[in-house]
Amino acid sequence: MAFSASRVTVADVATLIILAAGRRHVTVRNRGTTSVFIGAAAVTTATGYELEAGDAVGLELRVNEVIYGIVASGTARVDVAQSDAEPLLG
């Protein structure tokens, strides 16, 4: 199982957090002091899933799926951990 970690600085414009090159288990943790809103490429602070400071979310991404983030103002750091996902049955 391949594992990797990265850090991304999310700004007040939609910022790419991760592009899944294959099936991935992903954890995104907000290490900033302000909320980060995550979603698709057109994410906004009104439409995104809110990660408050210190919050984390685990997701399973399929090939070429992306997560973007945005903050209301300034920047916030997010940490991303990912590993290969096992194939889904069915």
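Treat the numbers as computed from the prediction; the structure is a model and nothing was measured.
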Can you tell me how far apart [atom1] ([X]) and [atom2] ([Y]) are? Round to the nearest 0.5 Å.
{"X": "F37", "Y": "T45", "atom1": "CZ", "atom2": "OG1", "answer": "5.5 Å"}
{"X": "H25", "Y": "L61", "atom1": "NE2", "atom2": "CG", "answer": "10.0 Å"}
{"X": "D55", "Y": "Y49", "atom1": "CG", "atom2": "OH", "answer": "7.0 Å"}

Decide whether [X] and [Y] are clustered together by the hydrophobic rule: side chain heavy atoms of Ile, Leu, Val, Met, Phe, Trp, Tyr closer than 4.5 Å, transitively.
{"X": "V36", "Y": "Y68", "result": "no"}
{"X": "V57", "Y": "I18", "result": "yes"}
{"X": "I70", "Y": "V26", "result": "no"}

Excluding sequence neighbours, so at least two apart, what forms side-chain hydrogen bond (donor to acceptor under 3.5 Å, both in side chains) with S35? E50
Thinking salt bridges, do R24 and D84 make one under a 4.0 Å N-O criterion? yes
With D79 via salt bridge (Lys or Arg N to Asp or Glu O under 4.0 Å) - residues at least two apart: R7, R31, R77
Any residue meeting salt bridge (Lys or Arg N to Asp or Glu O under 4.0 Å) with R29, in chain and number order, not counting sequence neighbours: none
Can you name the closest pair of heavy atoms from [X] and [Y] and give their distance?
{"X": "N30", "Y": "V78", "value": "CA-CG1, 4.1 Å"}
{"X": "V8", "Y": "L16", "value": "CG1-O, 3.6 Å"}
{"X": "V71", "Y": "A76", "value": "CG1-CB, 3.8 Å"}
{"X": "A56", "Y": "T27", "value": "CB-CG2, 4.3 Å"}
{"X": "V80", "Y": "I17", "value": "CG2-CG2, 3.5 Å"}
{"X": "V43", "Y": "A14", "value": "CG1-CB, 4.2 Å"}

